[in-house]
Amino acid sequence: MSDDYLYMARALRLAAKGMYSTTPNPRVGCVIVRDGNIVSQGWHERAGKAHAEVIAIESAGDAARGATVYVTLEPCSHQGRTGPCADALVRAGVGRVVVAMQDPNPQVSGAGIKRLRDAGIAVVCGVLESQARELNIGYVSRMTRGRPWMRVKIASGIDGKTSLENGASQWITSEEARRDAHRWRARSCAIMTGIGTLTSDDPRLTVRNVETSRQPLRVVVDSWLRIPLGSKIFEGGGVLVATANDDVKKIQQITDLGAEVVVVPDQQGKVDLGELAALLAKRGINEVLVEAGINLHSALWRAGVIDELLIYYAPKLLGDRGRGMFDLGNLGDMDAVPALEIEELRQVGPDLRILARLKS
């Protein structure tokens, strides 16, 4: 039915209201329609609060009986912090449920839809599925691959250089681009940086100029625990330092500042970035925004955990001696050049923002 797409689009817009707040849960929206009229709607705000379907059902009351429900993700079928949404829909006596996508969570995957159908409720699945997946790309990654969706944010001149030869990089891009980048911070569950960026710029890596109820976890990759104890990043808590160094004294000094330290060495005595990504996923981290320099960028690339690049190109030339985005080694021919797909191209102030995804 053509109306299915219209109402599902509305449900997706509702789900997007949880962009900055639902982690580790997915962003979900719900619309209930009866006799061609919207009788209620809801969206999931944050973990522990009512799910979108429950909010919409309670708002609809008796009008939910026999109605069509549009929900952006398969209704849950298990008991978590809240009860199963599939059961709530059955009790409400709805007549039909249209689902954008099946839940990739193994605890749910298909079971919610089965419960509805077993109760005699008609179910349609796959309406605006690609849009629903994109909205929860990190959640899907965590559930299906056991690691977060990793997005590398880069600010550069139009010649692809991220700093001058001497390392100076503030500010390459405009204030508009920096404000825009904070929205990407706000939607992320964690912001990752390397020890080089931390010691040279001393960033806080907090979300500013965006209304949000939470701050992302801040992750510092520091193989040898060189992090200065007076770093601004320790202000406000919510810091994880990933290292390959098991120096008990330095670890205690860092934990005394309210941060957590995880020791995840690889065979070269550096941080095992693949293991770190898996560890973050186990902690419910869906999306990671990397704000670092060429060294960590390159190490993440070699570890195979980067999914897409968020690049802000400023209309400036930094020169051939400036630092680049990645060290990809000696690429002998064009067949060895990594391929990307441009997902989005947009002007932000005087700058150009490109979202480019690695080809699978």
Side-chain angles (χ1 to χ4, degrees), residues 7-31 41-56 70-76 81-82 85 99-101 103-105 127-144 147-153 176-192 205-219 238 280-281 283-291 307-310 312 343-344 346 348 353-357:
Y7 294 125
M8 187 61 76
R10 186 183 183 94
L12 285 166
R13 289 194 296 271
L14 288 168
K17 289 186 175 184
M19 184 67 73
Y20 303 152
S21 61
T22 63
T23 182
N25 289 357
R27 301 149 184 149
V28 181
C30 179
V31 174
Q41 57 189 29
W43 56 279
H44 181 50
E45 184 178 347
R46 60 173 56 88
K49 286 203 169 186
H51 289 188
E53 301 96 313
V54 172
I55 293 171
Y70 296 87
V71 62
T72 59
L73 186 69
E74 176 184 4
C76 62
R81 296 191 197 180
T82 59
C85 292
V99 179
M101 63 173 286
D103 193 331
N105 184 345
V127 175
L128 298 184
E129 181 174 0
S130 61
Q131 292 90 330
R133 283 185 173 276
E134 195 68 29
L135 184 65
N136 284 306
I137 197 165
Y139 175 77
V140 173
S141 175
R142 178 165 68 88
M143 289 297 168
T144 60
R147 66 177 178 87
W149 184 264
M150 195 165 293
R151 182 180 293 119
V152 177
K153 176 249 176 185
E176 294 95 329
R178 296 196 296 276
R179 282 201 303 267
D180 185 75
H182 275 267
R183 287 190 281 272
W184 291 89
R185 280 187 182 183
R187 69 171 285 169
S188 303
C189 309
I191 302 170
M192 180 183 292
L205 294 183
T206 53
V207 177
R208 300 182 296 279
N209 304 318
V210 176
E211 187 176 343
T212 177
S213 59
R214 65 170 183 89
Q215 288 288 339
L217 176 70
R218 291 167 291 167
V219 180
L280 292 174
R283 296 181 179 213
I285 300 296
N286 294 327
E287 296 182 25
V288 176
L289 182 68
V290 180
E291 298 194 29
D307 294 299
E308 67 184 11
L309 308 179
L310 178 68
Y312 294 87
E343 295 294 318
E344 186 181 68
R346 180 177 298 182
V348 180
R353 188 187 79 193
I354 292 180
L355 188 66
R357 192 163 294 174

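E344 is linked by a salt bridge (Lys or Arg N to Asp or Glu O under 4.0 Å) to R346, R353, counting only residues two or more places apart in sequence or in another chain. Partners of R214 by salt bridge (Lys or Arg N to Asp or Glu O under 4.0 Å), not counting sequence neighbours: none found.
Counting only heavy atoms from C-beta outward, the side chains of D180 and Y312 approach each other to under 4.5 Å.
No option in L355, V210, V207, I191 other than L355 meets the side chain to side chain contact (heavy atoms under 4.5 Å, CB included) test with W184. Checked options R151, R147, R357; the residue passing with D307 is R147 (criterion: salt bridge (charged side-chain N to carboxylate O under 4.0 Å, His left out)). Results of the side chain to side chain contact (heavy atoms under 4.5 Å, CB included) test with L205 over M192, R185, Q215 single out R185 as the only residue that passes. For the side chain to side chain contact (heavy atoms under 4.5 Å, CB included) with C189, the qualifying choice from T22, I285, L280 is I285, the only one to do so.
Separating the CD atom in E53 from the CG atom in L73 is a distance of 8.0 Å, to the nearest 0.5 Å. Note: Y139 OH to N25 CG = 7.5 Å, rounded to the nearest 0.5 Å. The distance from atom CD of E343 to atom CD1 of I354, rounded to the nearest 0.5 Å, is 12.0 Å. Interatomic distance, S21 OG to R27 CZ, rounded to the nearest 0.5 Å: 8.5 Å. Rounding to the nearest 0.5 angstrom, the gap separating the OG atom in S188 from the CZ atom in R183 is 13.0 Å. Separating the CD atom in E74 from the CG atom in N105 is a distance of 9.5 Å, to the nearest 0.5 Å.
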Step-by-step side-chain contact (heavy atoms from CB on, under 4.5 Å) determination, M19 to L135: CA-CA 8 Å; M19 184 67 73; L135 184 65; 3.8 Å; yes
Derivation and outcome, side-chain contact (heavy atoms from CB on, under 4.5 Å), residues V140 and M101: CA-CA 11 Å; V140 173; M101 63 173 286; 3.9 Å; yes
Full working for side-chain contact (heavy atoms from CB on, under 4.5 Å) between H51 and V28: CA-CA 8 Å; H51 289 188; V28 181; over 6 Å; no
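Considering all non-hydrogen atoms of both residues, L128 and A100 come closest at O-CB, 4.2 Å. Smallest separation of non-hydrogen atoms from C30 and A56: SG-CB, 3.8 Å. Looking at every heavy atom in both residues, W43 comes nearest to I55 through O-CD1, 3.4 Å. Nearest heavy-atom pair across G238 and L217 is O-CD1, 3.5 Å. Residue H182 comes nearest to R178 through the heavy atom pair CD2-O, 3.1 Å, listed as atom of the first residue, atom of the second, then distance.
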Name the atoms and distances for all side-chain donor-acceptor pairs under 3.5 Å in residues 7-18, with sequence neighbours left out.
{"from": "Y7", "atom 1": "OH", "to": "G36", "atom 2": "O", "distance (Å)": "3.3"}
{"from": "R10", "atom 1": "NE", "to": "Q41", "atom 2": "OE1", "distance (Å)": "2.8"}
{"from": "R10", "atom 1": "NH2", "to": "Q41", "atom 2": "OE1", "distance (Å)": "3.3"}

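For the pair H44 (side chain) and G29 (backbone), a donor-acceptor distance under 3.5 Å is absent.
Side-chain contact annotation: R142 with N286, donor-acceptor N/O pair under 3.5 Å present.
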